[in-house]
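Working notes, structure below.
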Amino acid sequence: MQSSIFGGFSRGVRKKSRRPPEKQLIGSGIDLISVYRVRQLLARHRRDALHRLLTLQEKKQYGRQILSPLQFSKLFAAKEAFFKAFGKAWLGLEGFQKIQCTLLPDNGFRAESLLDDQTKTCEGIGHFFRRGALVGAHVSVWKS
Amino acid sequence: MHEEVYEKIKDILASALGRDPEEICPEASLTRDLGAESIDFIDIIFRLEKSFDIKIPSGELFPGNILNQEAYVKEGRVTPEGLAMLKAKLPYLDIETFSSDPEVSKLAEYFTVQMIVSYIQDRLAKEVKA
């Protein structure tokens with residue numbers, strides 16, 4: 001046994017405790033959207049909107065259901081909020097299709113980027129809020 | 001033909017943004033003057049495509065994810081490399097004025113009616129040549 005300068009005794013080599021690496025907060029984003037406006041968009045361009053704004057996995061997940069304007073509004077707001085967290089300009093159609101969003105049962109969501117840039121290794125955890133016809137999404141983005 | 005294209009675009013924008021066609025002028029900014037939001041950009045792109053029977057690739061009319069490299073945006077401002085990229089990819093955007101205060105958050109203010117008109121006119125001219 002050896003004495004330690006911190007007092008007490010140690011038995012041989014002390015193993016360093018392994019803490020999981022701290023996640024780095026990249027930023028947070030908020031977006032608001034009008035469900036009414038989304039309803040208008042879907043009435044006019046439903047096929048295009050679903051085809052070009054959803055990822056492959058989202059299409060598989062929601063493909064067989066009729067995606068309601070409220071659900072679509074949530075996906076839209078979540079993706080916009082996620083992108084805003086990086087302080088970037090508008091993400092465009094390609095950006096929407098490359099952000100994977102999963103709606104969670106507790107009015108929350110998870111978002112991850114499929115883009116091949118610095119957003120790739122980041123994960124967003126967020127929640128939705130509503131006021132009348134407005135749906136909002138707030139997300140915190142972490143480096144995975 | 002140019003006047004015809006302009007009038008058609010005016011009608012599209014007025015309908016998409018819930019505005020009177022008289023409010024649509026070439027210098028009008030879609031966001032600052034006409035109140036467009038991101039959902040409106042999507043609507044506008046889809047309407048233009050259907051109306052003119054073209055496909056608008058991502059990043060050709062609006063920047064989209066062009067500024068995707070870290071070198072293009074620093075602390076919320078577009079870098080000289082980013083400005084060069086915007087100028088190359090979006091010749092219809094008023095880069096000169098934007099570069100005097102290149103805040104990423106203000107980029108959308110430079111999306112004007114004229115920008116859309118110039119893009120569509122050039123696209124249609126290319127389709128005719130092809």
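To find a chain, count down the sequence lines: A is the first, B the second, and so on, and within it residues start at 1.
Other residues, nucleotides and ligands contribute only 12 or fewer heavy atoms inside 6.0 Å of the NZ atom of B/Lys87. Taking a 6.0 Å sphere around CG of B/Asp53, one finds it holds 12 or fewer heavy atoms contributed by other residues, nucleotides or ligands.
Ring pair A/Phe109/A/Phe128 is tilted by interplanar angle, where 30° to 60° counts as tilted. Classified by interplanar angle (parallel below 30°, tilted 30° to 60°, perpendicular above 60°), the ring pair A/Phe86/A/Phe82 is perpendicular.
Heavy atoms closer than 4.5 Å to chain A are found in the side chain of B/Lys50, but not in its backbone. The part of B/Ile56 that comes within reach of chain A is its backbone (N, CA, C, O), which places non-hydrogen atoms under 4.5 angstrom from that chain. For A/Arg52, the part lying under 4.5 angstrom from a heavy atom of chain B is the side chain only. For chain A, no part of B/Glu37 is nearby; none of its heavy atoms comes within less than 4.5 Å.
With chain B as partner, the option from A/Ile33, A/Leu41, A/Asp31 having the largest number of non-hydrogen pairs under 4.5 angstrom is A/Leu41.
Of the possible polar contacts, one joining the A/Arg130 side chain to the A/Gly132 backbone as a donor-acceptor pair under 3.5 Å is found.
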